Amino acid sequence: MRDSTLALTMPNLSISLQKLYPFKRKKMKGKERWYEKISMSYSGTLSNSISTKEDQLLKSNLIKDWKNGMRHQIPIQASFQVLKYINLVPSFNYTERWYTNHIEQSWDAQRKTVVRDTIYGFNRVYNYNLSLNANTKLYVFYKPNPKVWGKKMEMVRHVLTPSVSFSYAPDFSASRYGYYKTYAKTDADGNVSLVEYSPYTGSLYGVPGKGKTGSVSFDLSNNIEMKVKTDNDSTKKVSIIDELGASLSYNMSAKQQPWSNLSTRIRLKWGKFSLNLNTTWMTYAYEFDENGNVIVGNRTEWSYGRWGRFQGMSKNFSYTFNNQSWRTISKKLRKLFHPGEEDEEEEEEKKDKEDGDETEDEPLDDATAEKKKERTDGLDEDGYMKFTMPWSFSVSYGITMSEDRSRKINVKNMRYPFKFVHSLNFSGNLKLSSDWNINFSSGYDFTNKDLTMTTVNISRDMHCFNISGGLVFGPFTSYHITLRANASTLTDALKYDKRSSYSSNINWY
């Protein structure tokens, strides 16, 4: 509103077509043909936008002043089965962009500047890529020795899933496509250099990238489960290793360092406990350059007889306590230290349940029936308000292991020493009533040996309004108080906000 600048986008259109099988017969007879498994879909977007002054909007030209374009995407895919056990998935992805102009650039030697000439007309910019994926599953069964593993363990199943994929895309920066061009530039000393540019830079949907890609990727995934007998003579599956995998790729177009880094992963699921860990192993070894600096060379770690260079790892463990978890823990502790009392309680509950089933058909008087009726108004059986104070407390511990490149490298094995960074965070929430709520968060910095930024927030729901206040302790001590309407239409309009600046760093006495 200061300078009457207007930004407008219209129309903005998206079109999508669900997956279809163009070669599938309407009336199936006999076996399905291989070409009937080919599927394709379509998605397209059209956009037209402008940023101009308010008085120039109606005078603007749709082609010259508006920024517009359209993009079409057509993925084609199929799935075949080769040699009965190998799944083969070829795919072809085609993308085409339509523009109404492009910008040619040249060098003006007299004025020593770049001249840009906008050429209007229909411009078609496209790119495509191919990929092929082959995968299968191998099952290995192992019968454990009952003398070693016990009689409950019946069978162990190991599933291996190897996968090989190939992808290819041509170099769309080649001159035959016209997506990238050059002009000769002369500097003040008379030296001539070639400057590369794209006539479609700044266009709505961009321009295809440069460079040819042709890579082969390898992946291996493992899953190990065992079948165990339960106390009631049934069986259940128990996960030993939910996934253990590794992936590696080779870039056939790269002239140097064609191998990628080796990525490994492991996922464990043991009851409520779960662990995910991803690590990276560097393929190429460190070496010294001519100036004595440490660089990543072209010789692999494998040539030295090593698996790879471990880069470190990062892991976070967390657990949340609440009302229910506290009851579960206390029940398990009572069962552990006082097993007799726990058995008596279970027997009494079981007996009460059986007595209730026997007397289920007996008629009840009005008072008893009303008392046994489930209350839905927040009151207990005697008509008093139920006392509940939901709370939760979360603790998370994180550890990061990484190379410490600030220290000297070990010349014998060309390895940097590792450093460890620990972090501890905790947060909680306490609902005093249906209207009062308190939450806080803090942590501990093991490096500085001090508490991290601590926040405490209190809110009160007053039916039509909500008032909240908070304090921040630590390096940026501050406070805030907010009063706003609960109605969504008035939330931003009807409010009062008072807060201190984070940069003030208030000292509390």
Side-chain angles (χ1 to χ4, degrees), residues 14-25 32-46 69-99 122-137 161-181 196 198-201 203-221 245-263 265 283:
S14 296
I15 306 171
S16 62
L17 179 68
Q18 66 180 1
K19 184 183 292 186
L20 56 88
Y21 296 84
F23 305 109
K24 182 167 286 190
R25 292 167 290 175
E32 187 179 25
R33 307 290 193 271
W34 66 269
Y35 52 83
E36 292 181 312
K37 298 180 180 180
I38 299 175
S39 64
M40 65 176 295
S41 60
Y42 168 81
S43 64
T45 56
L46 169 68
M70 189 169 186
R71 181 177 59 188
H72 312 270
Q73 292 178 315
I74 304 176
I76 302 174
Q77 193 179 52
S79 179
F80 308 109
Q81 202 168 39
V82 182
L83 301 177
K84 291 178 66 176
Y85 303 108
I86 300 176
N87 298 318
L88 199 65
V89 182
S91 63
F92 174 80
N93 297 291
Y94 181 81
T95 303
E96 184 168 306
R97 308 162 186 83
W98 291 352
Y99 299 132
F122 177 74
N123 296 271
R124 174 173 164 264
V125 180
Y126 69 92
N127 68 292
Y128 61 87
N129 62 77
L130 306 167
S131 65
L132 181 66
N133 179 272
N135 62 82
T136 187
K137 286 184 181 293
T161 308
S163 175
V164 180
S165 60
F166 169 77
S167 61
Y168 169 78
D171 185 8
F172 289 99
S173 64
S175 58
R176 65 177 180 272
Y177 295 104
Y179 302 156
Y180 293 89
K181 296 183 179 181
E196 188 180 55
S198 174
Y200 304 99
T201 299
S203 298
L204 196 60
Y205 298 110
V207 63
K210 299 190 296 181
K212 181 177 68 173
T213 59
S215 62
V216 181
S217 302
F218 308 92
D219 187 271
L220 179 63
S221 179
S247 60
L248 184 70
S249 64
Y250 180 82
N251 188 356
M252 298 182 294
S253 302
K255 295 182 180 179
Q256 292 183 344
Q257 300 181 358
W259 288 101
S260 70
N261 297 327
L262 177 65
S263 299
R265 60 192 182 274
T283 301

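In what follows, every heavy atom counts, from backbone to side chain, and hydrogens, waters and symmetry copies are set aside. Remember, predicted model here, so these are calculated numbers, not experimental data. Numbers here are sequence positions counted from 1.
- Inspection of the Ser249 and Ser260 side chains reveals an N or O donor paired with an N or O acceptor under 3.5 Å.
- At distances below 3.5 Å, at least one donor-acceptor pair connects side-chain atoms of Thr136 with backbone N or O atoms of Tyr85.
- Using modelled atom types and a 3.5 Å distance limit, the side chains of Asn135 and Thr161 yield no donor-acceptor pair.
- Taken from OG in Ser39 to CD in Gln18, the straight-line distance is 12.0 Å, to the nearest 0.5 Å.
- In summary, of the residues considered (Phe172, Tyr94, Tyr177), a ring pair (Phe, Tyr, Trp, His ring centres under 6.0 Å) with Tyr128 occurs for Phe172 alone.
- Not a single donor-acceptor pair under 3.5 Å links the side chain of Ser41 to the backbone N or O of Leu17.
- Annotation for Ile38 and Pro22: closest pair O-CD, 3.5 Å, computed over non-hydrogen atoms.
- Put simply, the side chain of Ile86 does not reach to within 4.5 Å of the side chain of Gln81, judged on heavy atoms.
- The two residues Pro199 and Lys181 have their closest heavy-atom pair at CG-CD, 4.1 Å.
- With contacts defined as side-chain heavy-atom distances shorter than 4.5 Å, the pair Tyr42/Met40 does not qualify.
- Under the 3.5 Å distance criterion, with hydrogens and angles disregarded, a donor-acceptor pair is assigned to the side chains of Thr45 and Tyr205.
- Here OH of Tyr168 is found 9.5 Å from CE of Met252. Values are rounded to the nearest 0.5 Å.
- A salt bridge (charged side-chain N to carboxylate O under 4.0 Å, His left out) check over residues 34-45, counting only residues at least two apart or in different chains, returns the pairs Arg25-Glu36.
- Of all non-hydrogen atoms in Tyr99 and Leu204, the two that sit nearest each other are CE2-N, 3.9 Å.
- A 4.5 Å side-chain heavy-atom check between Pro75 and Lys19 finds every atom pair outside the cut-off.
- Counting all heavy atoms, side chain and backbone alike, Leu262 lies closest to Thr283 at N-OG1, 3.9 Å.
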Going through the distances and angles, do His72 and Tyr126 end up as a side chain to side chain contact (heavy atoms under 4.5 Å, CB included)?
CA-CA 9 Å; His72 312 270; Tyr126 69 92; over 6 Å; no
Start with the C-alpha gap between Arg71 and Thr95, add the side-chain angles, then the distance that decides, and say whether side chain to side chain contact (heavy atoms under 4.5 Å, CB included) holds.
CA-CA 7 Å; Arg71 181 177 59 188; Thr95 303; 4.1 Å; yes
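- A distance of 4.5 Å separates CG of Asn93 from CG of Asn129, quoted to the nearest 0.5 Å.
- Inspection of the Arg97 and Asn127 side chains reveals an N or O donor paired with an N or O acceptor under 3.5 Å.
- Atoms OG and CD1, on Ser43 and Ile74 in that order, are 8.5 Å from each other to the nearest 0.5 Å.
- Phe166 places none of its side-chain heavy atoms less than 4.5 Å from the side chain of Leu130.
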Only pairs under 3.5 Å count here: list side-chain donor-acceptor contacts from residues 206-216, not counting sequence neighbours, and write none if there are none.
from   : atom 1 : to     : atom 2 : distance (Å)
Lys210 : NZ     : Glu196 : OE1    : 2.7
Thr213 : OG1    : Ala169 : N      : 3.4
Ser215 : OG     : Ser167 : OG     : 3.0

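- The structure places OH of Tyr250 at 13.0 Å from OG of Ser217, a figure rounded to the nearest 0.5 Å.
- Surrounding CH2 of Trp259 are more than 12 heavy atoms belonging to other residues, nucleotides or ligands, all under 6.0 Å away.
- Counting heavy atoms of neighbouring residues, nucleotides and ligands inside a 6.0 Å radius, atom CD of Glu32 exceeds 12 of them.
- Between the OG1 atom in Thr201 and the OH atom in Tyr179 there is a gap of 13.5 Å [rounded to 0.5 Å].
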